[in-house]
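First the structure, in the form of structure tokens, and then the observations on it.
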Amino acid sequence: MIVSGSTSQALAAALARELEEPLAAVEYDRFPDGELLAAAPDVADRDVDRAIVVASTTSSDAHLEVLQLQDAVREAGADEVVTVLPYMGYGRQDKAFEAGHPISARAVARAVSTGTDRVLTVTPHEESICEFFEPTATAVDAADRLAEPLPADLEDPVFLSPDAGAIELAETVRDAYGTGATDYFEKTRLSGTEVEISPSDVAVADRDVVVTDDIIATGSTMSEAVGVLGDRGVGRVFVTCVHPLLARDAVTKLSRAGVEAIYGTDTIERQYSEVSVAPSIADEL
Ligand code: R5P
């Protein structure tokens with residue numbers, strides 16, 4: 001039975017269809033003092049072998065919902081509890097960046113691990129965060145799905161990543177698209193919202209460019225990257241990512257930078273979630 005957190009209702013429904021498993025009724029409520037209640041009454045009414053909790057932890061409330069739903073399905077008698085974090089919040093805080101800072105990814109992974117037999121997460125920022133879970137989480141690679149919504153008529157395309165770390169992502173999307181060159185920019189992060197991008201040497205004049213990253217958060221990385229292409233006679237510029245977090249004014253930044261279209265998956269449910277990762281998760285399950 002598939003049990004959805006409030007952040008991943010469309011993806012949970014798509015996964016239920018893929019797996020041909022029932023989608024549980026769920027309730028999300030809040031007490032007058034602000035405390036949350038997430039419940040899955042359906043699970044209690046059935047003899048459930050495997051309950052799959054699906055929830056992107058895009059907020060602190062979403063984290064808590066996961067813990068409550070895991071506990072609810074176990075309490076209701078599920079033999080096996082699987083937790084799918086399509087997007088794992090706090091995943092980028094994978095080390096103590098300053099003395100006295102927490103390794104937040106480890107802290108949340110430990111909490112999630114206590115209520116589940118297995119964890120899957122989609123295209124984590126660093127695969128090493130999977131080891132913070134006990135047992136180790138499975139990383140589901142959904143990058144190939146990003147080729148699906150791209151226009152079929154890309155002109156001599158170049159697939160660029162904003163930094164060397166994301167080049168494999170750009171290569172995967174290029175391979176899935178079927179044709180095109182790949183390259184990467186050099187990125188220096190100046191603060192949480194500011195980055196500096198140095199251009200790649202690849203020729204972009206009259207060519208369509210697809211800039212690919214795992215996450216678009218504030219949009220600083222992508223808009224800077226698109227900006228450096230501006231004066232080089234580039235054709236159309238598309239941006240694509242697995243996790244369209246699109247915080248604050250990210251969409252405005254990208255539009256002002258001249259982006260033709262933004263594509264993302266449904267790991268975070270936004271109007272730009274053009275493609276579902278449900279088949280990739282279903283394959284792994
Ligand atoms: C960081 O290395 C990630 O791959 C993304 O580039 C980053 O999270 C994007 O963040 P923002 O949109 O805030 O620049």
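Counting convention: from 1, in listed order, for ligands and their atoms alike.
With atom 1 (C) of ligand 1 as the reference point, the heavy atom nearest to it among Glu126, Glu194, His125 is part of His125.
Around OH of Tyr184, the count of heavy atoms belonging to other residues, nucleotides or ligands within 6.0 Å does not exceed 12. Heavy-atom neighbours of Asp206 CG from other residues, nucleotides or ligands within 6.0 Å: at or below the threshold of 12.
For the residue pair Ser276 and Asp266, a side-chain donor N or O sits within less than 3.5 Å of a side-chain acceptor on the partner. Side chains of Gln70 and Thr83: a donor on one and an acceptor on the other come within 3.5 Å. Between the side chains of Ser104 and Gln93, at least one donor N or O lies within less than 3.5 Å of an accepting N or O.
Shown in contact with Asp214 at under 4.0 Å from a heavy atom are these atoms of ligand 1, numbered in order with element: 3 (C), 4 (O), 5 (C). Per-residue contacts place Thr221 under 4.0 angstrom from the following atoms of ligand 1 (heavy atoms of the residue considered): 6 (O), 9 (C), 10 (O), 11 (P), 14 (O). Near Arg189, meaning under 4.0 Å from any of its heavy atoms, are these atoms of ligand 1: 7 (C), 10 (O), 11 (P), 14 (O). Interface atoms of ligand 1 facing Lys187, defined by a heavy-atom separation under 4.0 Å, are 1 (C), 2 (O), 5 (C), 6 (O).
Among all protein heavy atoms, the one lying closest to atom 8 (O) of ligand 1 is Arg92 NH1, 2.8 Å. Ranking protein heavy atoms by distance to atom 5 (C) of ligand 1, first place goes to Asp213 OD2, 3.3 Å. The closest protein non-hydrogen atom to atom 9 (C) of ligand 1 is Ile215 O, 3.5 Å. Scanning the protein heavy atoms around atom 13 (O) of ligand 1, the nearest turns out to be Thr218 OG1, 2.6 Å.
Looking at Ala217 next to ligand 1, an N or O pair under 3.5 Å apart turns up. Of the N or O atoms in Ile216, none lie within a sub-3.5 Å distance of an N or O in ligand 1.
Here the side chains of Val119 and Thr116 are in contact, with some heavy-atom distance below 4.5 Å. At least one side-chain heavy atom of Leu37 sits under 4.5 Å from a side-chain heavy atom of Phe31.
Tested against Cys241, the residues Ile216, Thr221, Thr212 include a single side chain to side chain contact (heavy atoms under 4.5 Å, CB included) partner, Ile216.
At least one heavy atom of Gly219 sits closer than 4.0 Å to an atom of ligand 1.
Using cut-offs of 30° and 60° for the angle between ring planes, the Tyr177 and Phe159 rings count as tilted.
At a 4.0 Å heavy-atom cut-off, ligand 1 does not touch Met222 at all.
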